[in-house]
Amino acid sequence: MLPARELLQKGIRLLTEAGITDAEVDARILLEEICHITRTDLLLRPTQEVEESQYLACIEKRLRHIPLQHILGKAPFMGHSFYVSDKVLVPRADTEILTELAINALPADGRVLDLCTGSGCILCSVLLAMEMATGEGIDISVEALEIAQKNLQQFPSLENRGKVYQSNLFENVESTFDVIVSNPPYICTDVIETLSPEVKDHDPRLALDGGVDGLDFYRSIIQQAGSYLKDGGQLLFEIGYDQGMAVSNLMTEKGFVEVTVIKDYAGLDRVVKGIWLK
């Protein structure tokens, strides 16, 4: 047993010495989650003794660059907590912009399709915000769909409004939708090895690799999406910071109108959207 404050300082020191980004934040979150110690406890009862073995085991995982979210098995997104694993892309704050735009584009009782759903965080978040909407999430990965199904099931209000199933893009999709949203793999193949260990070694390669120029999935989705969109329906993509013009051109060439690039809070291109008219 060690005093909580002493254990926290030990965790911070170990992570800092290993060059872990946000060492102090990660050490504190792990302490709060693993030892059930709140920030108030640390302030008012810093000498309260806690069991250190499980905490230090988690610190050791973080030293190996296993993402914090994988260690905890969950990640925050759009005000909710979602199950994650090394079989799905960890939900990121930038993707909340895409999700908010999908919510704004969807009619009150509309239907949404989430392509490459991964953890299902986008699909769940859209349906939680739109109480009359329904939707589907598809992924080629069975392991990812197990996580997405688990996330759907944690929200009772989504029991009859959302479903996920295996499909290679539109292969098994039969309905039409008001909104199609996707955060597809978009990293250029030869760039993946330059990414942080947390991403290149622990996020599934299937969720990262967008082909030689990063645009493989955009091309495939754009070519087929019109057949699955209702008249006036919208297609929305998350994109890499340097892909706005390329994805916009692909959508315009296919016949999408009002194609628009939206920036994230850092001022970088983050989403491309367009409208499909029959």
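- Side-chain N or O atoms of Asn151 include none that pairs as donor or acceptor with a backbone N or O of Phe82 at under 3.5 Å.
- Within the 4.5 Å cutoff, the side chain of Asp94 has no heavy atoms near those of the Leu268 side chain.
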task: Report the C-alpha distance between Glu49 and Arg5 in whole Å, list the side-chain angles of each, state the deciding distance to 0.1 Å, and finish with yes or no for salt bridge (Lys or Arg N to Asp or Glu O under 4.0 Å).
output: CA-CA 9 Å; Glu49 291 195 339; Arg5 176 64 66 180; over 6 Å; no
message: Show, in sequence, the C-alpha distance, side-chain angles and deciding distance for Glu52 and Lys10, and conclude whether the salt bridge (Lys or Arg N to Asp or Glu O under 4.0 Å) test is met.
response: CA-CA 10 Å; Glu52 73 268 25; Lys10 184 174 183 178; over 6 Å; no
- request: With side-chain hydrogen bond (donor to acceptor under 3.5 Å, both in side chains) as the test, would you mind laying out the steps for Thr134 and Arg161 before giving the verdict?
  value: CA-CA 5 Å; Thr134 57; Arg161 295 196 293 122; over 6 Å; no
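- Ring orientation note: the planes of Tyr218 and Tyr186 are close to parallel, at an angle under 30° on the 30°/60° scale.
- No donor-acceptor distance shorter than 3.5 angstrom exists from the side chain of Lys230 to the backbone of Trp276, with no hydrogens or angles considered.
- Judged by distance alone, the side chain of Thr95 and the main-chain N or O of Pro91 form no donor-acceptor pair under 3.5 Å.
- When the options Val181, Ile221, Val259 are evaluated for a side-chain contact (heavy atoms from CB on, under 4.5 Å) with Leu235, the one that passes is Ile221.
- At distances below 3.5 Å, at least one donor-acceptor pair connects side-chain atoms of Gln166 with backbone N or O atoms of Ile140.
- Checked by atom type and distance alone, the side chain of Gln154 never pairs as donor or acceptor with a backbone atom of Lys150 at under 3.5 Å.
- Residues Cys124 and Leu158 form a side-chain contact, since some pair of their non-hydrogen atoms from C-beta on lies under 4.5 Å apart.
- By the 6.0 Å contact criterion, CD1 on Ile29 is enclosed, its count of non-hydrogen atoms from other residues, nucleotides or ligands being greater than 12.
- In Glu174, the CD atom is not crowded: 12 or fewer heavy atoms of neighbouring residues, nucleotides or ligands sit closer than 6.0 Å.
- A side-chain donor-acceptor contact under 3.5 Å links Arg92 to the backbone of Val90.
- Looking at Glu171 and Ile138, their side chains never come closer than 4.5 Å, going by heavy atoms from C-beta outward.
- No more than 12 heavy atoms of other residues, nucleotides or ligands lie within 6.0 Å of OH in Tyr241, so this atom counts as exposed by the packing criterion.
- At least one donor-acceptor pair under 3.5 Å links the side chain of His70 to the backbone N or O of Ser85.
- Shown here for Leu206 and Ser141, the closest heavy-atom pair between the two residues is CD2-CB, 4.1 Å.
- Between Asp139 and Lys87 there is no salt bridge, since no side-chain N of the basic residue sits under 4.0 Å from a carboxylate O of the acidic one.
- When every heavy atom of Ile239 is checked against every heavy atom of Val271, the shortest pair comes out as CG1-N, 3.9 Å.
- Put simply, the side chain of Glu136 reaches to within 4.5 Å of the side chain of Phe177, judged on heavy atoms.
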query: Run the side-chain hydrogen bond (donor to acceptor under 3.5 Å, both in side chains) check on Thr189 and Asp209 step by step: do they pass?
result: CA-CA 5 Å; Thr189 303; Asp209 195 341; 2.6 Å; yes
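- The nearest pair of heavy atoms linking Asn172 to Ser167 is N-OG, 2.8 Å.
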field: side chain to side chain contact (heavy atoms under 4.5 Å, CB included) assessment of Leu8 paired with Tyr55
entry: CA-CA 9 Å; Leu8 174 61; Tyr55 175 73; 4.2 Å; yes
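- Side chain of Ser125 to backbone of Met78: no donor-acceptor contact under 3.5 angstrom is found.
- Looking at Gln243, its side chain does come within 3.5 Å of a backbone N or O of Gly240 through a donor-acceptor pair.
- For the pair Phe237/Pro184, a side-chain contact is recorded, criterion being any heavy-atom separation below 4.5 Å from C-beta on.
- Note on Leu169: it does not cluster hydrophobically with Val88, by side-chain heavy-atom contacts below 4.5 Å among ILVMFWY residues.
- Panel note: side chain Thr260, backbone Glu258; a donor-acceptor pair is recorded below 3.5 Å.
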